[in-house]
Each structure stands twice: as C-alpha cells, then as structure tokens.
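Here's the structure we're looking at; comments come further down.
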Number of protein chains: 2
Amino acid sequence: MPQPFPATRNTDQSLTQAERTARAEAGMIETAIELLNTVGIQGTTLVAIGDKAGYSRGLVSHHFGSKAGLFRAVLKRITANWTADLHTALDDRTGIAAIGAAIDAHLAHVLRHPEYIRAQNILWGAALDPSSEFKPNVAEFMQIQRESVAAWVRGGQKSGEILPEINPQRIAEQYYGGLIGINSQWLVSPDFDLAAAYTDFKRNMVRLLSAPTTQIRKPDTLNREERQ
Amino acid sequence: MPQPFPATRNTDQSLTQAERTARAEAGMIETAIELLNTVGIQGTTLVAIGDKAGYSRGLVSHHFGSKAGLFRAVLKRITANWTADLHTALDDRTGIAAIGAAIDAHLAHVLRHPEYIRAQNILWGAALDPSSEFKPNVAEFMQIQRESVAAWVRGGQKSGEILPEINPQRIAEQYYGGLIGINSQWLVSPDFDLAAAYTDFKRNMVRLLSAPTTQIRKPDTLNREERQ
DNA sequence: GATAAACTTGCTTGTCACTAACAAGTTTAT
DNA sequence: ATAAACTTGTTAGTGACAAGCAAGTTTATC
C-alpha cells in the first residue's frame, strides 16, 4: 500500500523491503556490538541478538548466512566508521603532519567510540584462530592501513622532511604495530593510561621520522620541545 | 606392590599417582597447544583434547576444573617457558643493552616456538572478551613484563646512558606494545616479514633511548650506523 | 615384615541445558 | 500472485557436572 508522504515512511507502519532489510541489518549489527561489549563473544548468541534487536533467533542466519557473517559485517561497519573519521581528520595532509594527525585522530576515536574499538579487538582476537573465517578480512584491512602510512612517509620524503634512507614499509609496520599494542594493553588493563601512551607514541614517531639535522641542538632546547 | 627399583618406575607399567597426574596434565596442555594451532579455540573441544591426548573427554574438567582452567594452565606453561629463555638471554644486563638483548631473544623465541606464540596470542585474544575468566592473568603478566622493562630503563639512567627525563613507564608501554603489535600483524598476515620488523623495532628503540649527544654527528656517519 | 582391608585419587561414562545451522513454514511488501 | 522478510521446528554438537569404576596408597592385623 503506497503512502502519500514518502518522507514519513519510517513511522513503523509500512516499510519498503529495502528499508526493512537495512533497518534489520543495522539493528542486528548494533546489537551485536553492544553484546560483544557486555557479554563477550560467547554471550553474543543468536537468541540474545534476536531478543535485544527485537527479532527472532533465525534472522541473523537469514541475513548474514552465519554468525561469522554477522561479525564480518560488524567489522566492516566499524572500519567504515573509522575510515570516515580519519579522512576528515587528515584533510589532505601528508608526511609527518599526516602521521601526527592520524595518531591524534586515533586517540580521539578510541575515546569517542570505545565500544567500537573493543568490539573490533575482540573480533580481531578471534581472527587469530586458525579456523577463523574472517582472518583474510583483518589481514587485508591491516594491509590497507599500512599502505596509507607508507604513502604518508613517501610524501614526506618527496618534500624532504623525511630522509630517503627510511623504509616506508618498515615505518608503517612500526606505526600500526604500536597502535595495536597500545590498544591491546588498554583493553586488558583498566587502569592503563591510554592518552599518555598515545602522546608518547606520537612524539617518538615524529622524532624517528624527523631528519637528524633537526636533532642537532642543545639538550635543553630539545627537552623543552619534547615536553610540549 | 612396592617395586625394588624406584628409578625404573616410569616404564609405563606402574606409575606413582603424582607421576600419572603430571603426565596427564602435561599431555593435555601440550595437546591443547597443538589443537589451538591447528583447529583454533573453537575446535579445541574437550572431546578433541581427550582423543588426541589419549584420555577421555572428562579428564580436562577433572584436572583443571573447566576449559578456561586448562587455558590458564596453558598460558602459565608458555609464560614460564618464555621467562626462562629471557633470563638466560639477559644474563644480568641492564639499560639499553638489556632492551636490545630482550628484543633479540624475543625474535629468536618466536621463531623457535611459533606454536607457543600463536597459542598465547589466541588465548590473549580471547581474554579481551568481557566474560573472559583469565583476563586478570593476562593483565598481570603484561604488568610484570612492563615492570622489567622499566627497571632496565632506570638502570640505564643510573649509569647515565639514558637521559633522566625519559619516563621508564612510558618506555615500557611503548616497548611492550610494539612487540604485541608486531606479533599481531605477523599472526594475521602470513607474508609479514617478522625478522625485519623486529630488527627495525630494536634499532628505533635503541635510538630513542640513546642520549641526544650520541646523535650529534654528521648524517653520513649516522646512516652507516643505521644500516649495520 | 608380609598381607589384606580401608581409603584416596585418577579417570570414564551418563546426562543436561544450551548453541549454531538449516529447513520448512508464516507474514508482509510489491 | 509472487517474492521477499521473517519465524518456528529440528538436529547435531558443545561444556559442565555427577555418579561410578579402577587403579594406587596407607593403615591395621597377623
């Protein structure tokens, strides 16, 4: 039954098939993230998802094929969210400035959406499993992230602020590994000082990338700069 | 029936209760590690452990209380193994030398016992889960590891090779995070160059800790040193 | 000091509530 | 009416626990 005012379609009465699908899938993904954060991967059962999202226990399988399929979709959604945040934060920067801004954005993102980060890392942990169905997705995501970082380094090398001897791929590995490691420690230890670790990481990263000529100063000056 | 030669007790015929227990627990732990590496945490069922270890499916619960209890024991065993390796590698070193030696030992250990590292990380991943029963164990282990690193830094500060302004705790977080992050990337991406990442990490760590006076050189000299 | 009963511990099997997946249905949009 | 979204019935497999059996170990008795 076609409604006269398409703008008010989502008044719970009659929805387009596409709308129903979108609403159901989004609801289940959101519910899964919530459950992952509260009762973990074990407690995130199909029944629990269905109950909390207002559907039956069978709908997850219908839409995502399997529980692993739903988790794949969760990762996809989280990744998209982070990528959007990063793009607006970067704003066409490259080189050292891009890396610094990215680390800042990362910290802000973690503090803003801790439940996303937690869910992401829980699923990444599950991906280490040899029988994991979404390990390739995780590997690919990391590969793409590293490639961005390597591109920033190459940009800095083009402009001369980063020495040409530095290997962009190696920096990308260190950069990305550092972020993963900091997050891992924070997720396990509730009293871990995330902000301090991030700012320290940023300072170290910038120092490693800066050409040695910028470090030929008197120790006093250097230290004051470090504290800033 | 008491045997005349206690030294030949373990000839598969008649075992002391203690011997039986030790053999059974060690067998199940070893089997669990093997299964974690091949079929993952999902495939590591009580039935599979019992089958592979030559016991029944009920013995795990009997000895370790639960599946989580077994995994706790697995982590304990892996940790003990790594700690022993580290101690022999360190040999009373402190300061930058200790950190360098520890990173080398870490790489050697990962290459020597990849199945241990993989199992450890799979279980750590599971520990991120809010319902995890052994998250405190993981957090405590990380805390102890960080304390060691911080002690090395303080040692280096005492001898003067590390600047007093450097925060040992922050360094420990970066150090440990870096190792976790590198391992995580390697575990997910089969073609990840682990050795290259480790040597790069070591070089960066040493550079960060070295007093700036050692960096006031001509760029040429610095670069040659970097390549070594 | 040998020997058998009393006891303890290692280990297995039966059972139960719960889970994911799939197939066969019912309801809703087109 | 027909195809999609969604629900319900069913099944094989899971971890935990309890009851029971089979070894090993201690103690009492001769």
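So you know, we letter chains A, B, ... as the sequences are listed, proteins then strands, and number each from 1.
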* Tell me which nucleotide among D/dA16, C/dT19, C/dT12 gets nearest to the side chain of B/S66. => D/dA16

* If pairing requires Watson-Crick or G-U wobble contacts with both distances under 3.5 Å, which nucleotide is the partner of C/dC11? -> D/dG20

* Between D/dC6 and A/H63, is there an OP1 or OP2 to side-chain N/O distance shorter than 4.0 Å? -> yes

* CD1 of A/I49 versus C1' of D/dC6: gap in Å, rounded? -> 16 Å

* Between B/R23 (CZ) and C/dG10 (C1'), how many Å, whole number? -> 14 Å

* Quickly work out the B/H62 NE2 to D/dA23 P distance and round it to whole Å. => 16 Å

* Please determine, for the side chain of B/L46, which listed nucleotide (D/dT7, D/dG15, C/dA29) has the closest atom? => D/dG15

* **Nucleotide C/dC22, atom C1' - distance to NZ of A/K67 in whole Å** => 16 Å

* Among D/dG15, C/dT12, D/dA5, which is the nearest nucleotide to the side chain of A/R20? -> D/dA5

* Asked: What is the pairing partner of C/dA29, taking Watson-Crick or G-U wobble pairs with both distances under 3.5 Å in any strand?
  -> D/dT2

* Structure fact -> Side-chain contact check for A/Q17: nearest option of D/dG24, D/dA4, D/dT14 is D/dA4

* Where each residue is assigned the nucleotide of DNA chain D containing its nearest heavy atom, which of B/A18 and B/S61 is assigned the position nearer the 5′ end? -> B/S61

* Asked: What do the steps show when you test B/W82 against B/F141 for ring-ring contact (aromatic ring centres under 6.0 Å, His included), and what is the final call?
  -> CA-CA 12 Å; B/W82 158 238; B/F141 172 73; 8.5 Å; no

* Asked: Please give, in whole Å, the distance from D/dA4 P to A/Y55 OH?
  -> 19 Å

* To do: Round to the nearest Å and state the distance from A/E19 atom CD to D/dA4 atom C1'.
  => 15 Å

* Carboxylate-amine/guanidinium proximity below 4.0 Å for B/R170 and B/E173 -> yes

* Structure fact -> Whole-Å distance, A/F64 CZ to C/dA21 P, equals 13 Å

* Has the side chain of B/R57 got a donor or acceptor that lies under 3.5 Å from a partner of the other kind on the base of C/dG14? -> yes

* Separation of C/dC11 P from B/L59 CG (nearest whole Å) -> 5 Å

* Is any side-chain heavy atom of B/R207 closer than 4.5 Å to a side-chain heavy atom of A/R207? -> no

* Asked: Is the closest basic N to carboxylate O distance between A/E133 and A/K67 below 4.0 Å?
  -> no

* Indicate whether OP1 or OP2 belonging to D/dA5 is found under 4.0 Å from a side-chain N or O atom of A/T21. => yes

* Could you please name the option among C/dT12, D/dC6, C/dT30 that lies closest to any side-chain atom of B/S56? => C/dT12

* Asked: Testing A/R146, A/Q145, A/E140 for side chain to side chain donor-acceptor pair (under 3.5 Å) with A/Q143, which one passes?
  -> A/R146

